[in-house]
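See structure below.
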Amino acid sequence: MGLARAWSIGLHGVEGDLVEIEADVGLGLPGLSLVGLPDAALAEARDRVRAAVVNSGQVWPNRKITLALSPATLPKQGSSYDVALACGVLAADDRLAAGALEDVVLLGELALDGRIRDVRGVLPCVMAARRAGVKRVVVPAAALDEAGLVDGVELLGASHLSEVLAWLRREGDLAVPEIRPRLRLRPVTEDLADVVGQETARHAIEVAAAGGHHLLFVGPPGSGKTMLARRLTGLLPDLGVEEAMEVAAVRSLAGALPPDDDLPVTPPFVAPHHGVSAAALVGGGSGLARPGAVSMAHRGVLFLDEVFEFGPHLLDCLRTPLEEGEVRLARKDGVVRYPARFQLVMAANPCPCAPPRPADCHCAPNQLRRYEGRLSGPMLDRVDLRVAFRPVASLARGEDEAPEATATVRARVLGARERARERWKEAGWRSNAEVPGPALRRHVPIPREAALDLDRKLRDGVLTARGLDRCLRVAWTLCDLRGGDRPDSADVHEALRLKHEGSA
């Protein structure tokens, strides 16, 4: 009879906390009591753990067992605590050495026969263990490659509870991850040179990539809106290691991280269907909410095709993430935060009937108003660039028509991004889209003529204060693309044109 401690990780969004599991085997009626705000899946662990221990050839103590998970005020959810619970009980019953569980985090769900099953969120759990200063982490063997993306901690994989117990007793070894490159480059398969015509739209997507701006494409069916949007990620800078880890952590929580994969450096591209629910778009679910499409698109592109078919409430759900770069979801078990710093690209037909030529439209005025009214004014004000697509009259290219390839445009984008990063590095902003409005106006004043034009449009109601700031951000990006020191009047006027070109 005695007291022992084991360690696991409790996830709260993409953040994790070290959870201390205290196991006490003492006098009293035989049974197991689990305390510390467990959810339903964790409360059922008492039956899984007992069966797994017995079927692994171990003796289950026929005494009163108390398992306490601390901090007690932190809600615990999921089945990833099973292995730690089992080892804690055996250690308290003197079946393991007193110090065997020190400085090691145990993760995994137990099957009734003792097999260790994979669980969601292994990657953020290992990252949390590293932040807490833990030296060793034991994970399910199926998740060992995923966990191996994290440096600075000793990682071990097990497929059965008996393997973990043998390792703790120094009677066997556990699997270790293979050494492989952490970052993986993806070849560009969708090239910008494939797009026929649409010079204005090509210019707008270059500006959007250079500054991290949001886009709205309006044009007839088949004019290349989706085709062009899918090529945006090929223009964006590769993700750094920390950024790639953020993306991978969110995907691990959602169960969407490919197995046996290196860290992808290409920004993600997420395109939910217009029938998506609010929970699937911004995150949700019972208990502690899970990440949605906006978090899956973190550091990448969220593409909403046929945006007017999305419900107005869905589109308005995006307003806060667009401004703050994160999603906060409040549920009965607490508030979770998920990262959601993405570029929004929306595409829409000009009217409900959507003929190949806009001149053939036969929609009534009230139909058009209802159709366009699905995108609210505040949401539309958060769009930096609006582009009107022309109908494609011919797929044949002229003899002198040689559209630029992705590699050529990307070189200019990377140069502009580097100039912006160098300018804002002291404040920690990496693109013009991240810079607050007051900092834009304070850094370097724009020419007086351009400032007067902006003030006039602000007084006339053509621009809001938010829209003015967004025009200034685009003007800075245009300045970076041409290699200038500060925006001139031409940059500001071009930003205004791009802001309102696709307006009805």
Side-chain angles (χ1 to χ4, degrees), residues 190 192 194-198 200-202 204-205 208-209 213-233 267-284 292-297 300-319 321-322 340 342-392 498-504:
E190 297 178 324
L192 202 59
D194 300 333
V195 181
V196 177
Q198 309 297 358
T200 301
R202 290 168 60 94
I205 204 169
H213 307 296
H214 307 306
L215 278 162
L216 171 62
F217 292 153
V218 179
S223 56
K225 302 185 296 294
T226 301
M227 187 178 186
L228 197 57
R230 295 189 67 87
R231 280 148 178 78
L232 176 57
T233 54
F269 182 88
V270 179
H273 186 263
H274 58 74
V276 68
S277 66
L281 183 62
V282 299
V294 297
S295 296
M296 298 287 283
V301 175
L302 179 67
F303 178 52
L304 303 184
D305 200 7
E306 304 295 344
V307 67
F308 291 142
E309 299 300 328
F310 286 79
H313 69 289
L314 288 177
L315 297 175
D316 286 337
C317 285
L318 300 177
R319 286 157 56 177
L322 285 174
F342 57 89
Q343 276 188 256
L344 178 64
V345 180
M346 300 181 288
N349 295 319
C351 65
C353 69
R357 296 187 307 169
D360 297 332
C361 173
H362 53 75
C363 296
N366 60 338
Q367 285 181 287
L368 288 174
R369 283 195 298 270
R370 285 197 301 269
Y371 182 69
E372 295 173 353
R374 297 178 185 177
L375 192 61
S376 67
M379 182 64 189
L380 194 58
D381 197 34
R382 287 167 169 82
V383 175
D384 302 297
L385 312 170
R386 306 183 206 175
V387 182
F389 278 63
R390 300 187 308 273
V392 177
L498 290 170
K499 173 73 174 171
H500 295 288
E501 186 204 350
S503 303

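All values reported here derive from a predicted model rather than from experimental measurement. Note that these values count all heavy atoms, side chains included, but never hydrogens, waters or copies made by symmetry. FYI, the numbering just counts along the sequence from 1.
With sequence neighbours excluded, the residues that form a side-chain contact (heavy atoms from CB on, under 4.5 Å) with Ser277 are Ala279, Ala280. Legend: residues meeting side-chain contact (heavy atoms from CB on, under 4.5 Å) with Arg319, ordered by chain and number and at least two apart, are Asp316, Ser376, Pro378, Met379, Arg382. Glu309 pairs by the side-chain hydrogen bond (donor to acceptor under 3.5 Å, both in side chains) definition with nothing, not counting sequence neighbours. Applying the side-chain contact (heavy atoms from CB on, under 4.5 Å) criterion to Cys317, with sequence neighbours excluded, gives Val282. Take Pro272 and apply the side-chain contact (heavy atoms from CB on, under 4.5 Å) test, not counting sequence neighbours, and it matches Val270, Val276, Leu281, Ala293, Leu302, Leu304.
When every heavy atom of Asn349 is checked against every heavy atom of Glu306, the shortest pair comes out as ND2-OE1, 3.2 Å. Here the closest non-hydrogen pair linking Val294 and Phe342 is O-CD2, 3.6 Å. Considering every non-hydrogen atom in both Pro352 and Leu368, the closest pair reads CD-CD2, 4.1 Å. Contact record, Ala208 with Leu215: CB-CD1, 3.6 Å, taken as the closest heavy-atom pair.
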For residues 220-230, which side-chain N or O atoms pair as donor and acceptor with protein atoms under 3.5 Å away, sequence neighbours left out?
| unit_1 | atom_1 | unit_2 | atom_2 | d |
| --- | --- | --- | --- | --- |
| Ser223 | OG | Pro220 | O | 2.7 |
| Lys225 | NZ | Gly219 | O | 3.0 |
| Lys225 | NZ | Pro220 | O | 3.1 |
| Thr226 | OG1 | Asp305 | OD2 | 3.1 |
| Arg230 | NE | Glu190 | OE2 | 3.2 |

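In this structure, the side chains of Leu314 and His274 stay at 4.5 Å or more apart for every pair of heavy atoms. The closest side-chain heavy-atom distance from Arg202 to Leu192 is below 4.5 Å. Taking the side chain as every heavy atom from C-beta outward, Leu498 and His213 never approach each other to under 4.5 Å. Between Cys361 and Cys353, some side-chain heavy-atom pair lies under the 4.5 Å cut-off.
Rounded to the nearest 0.5 Å, atoms OG1 (Thr200) and CG (Leu385) are 12.0 Å apart.
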Between Val387 and Gln198, is a side-chain contact (heavy atoms from CB on, under 4.5 Å) present by the stated rule, with each step listed?
CA-CA 10 Å; Val387 182; Gln198 309 297 358; over 6 Å; no
side-chain contact (heavy atoms from CB on, under 4.5 Å), that's the test. Do Leu380 and Leu216 meet it? Break it down for me.
CA-CA 9 Å; Leu380 194 58; Leu216 171 62; 3.7 Å; yes
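Without hydrogens or angle criteria, Gln343 side chain to His214 main chain gives no donor-acceptor distance under 3.5 Å.
For the ring pair (Phe, Tyr, Trp, His ring centres under 6.0 Å) condition, the pairs that include at least one residue of residues 362-390, sequence neighbours left out, are Phe217-Phe389, Phe308-Tyr371. Among residues at least two apart or in separate chains, salt bridge (Lys or Arg N to Asp or Glu O under 4.0 Å) pairs with a member in residues 356-370 are Arg357-Asp360. For residues 274-283, the set of pairs meeting the salt bridge (Lys or Arg N to Asp or Glu O under 4.0 Å) definition, not counting sequence neighbours, is empty.
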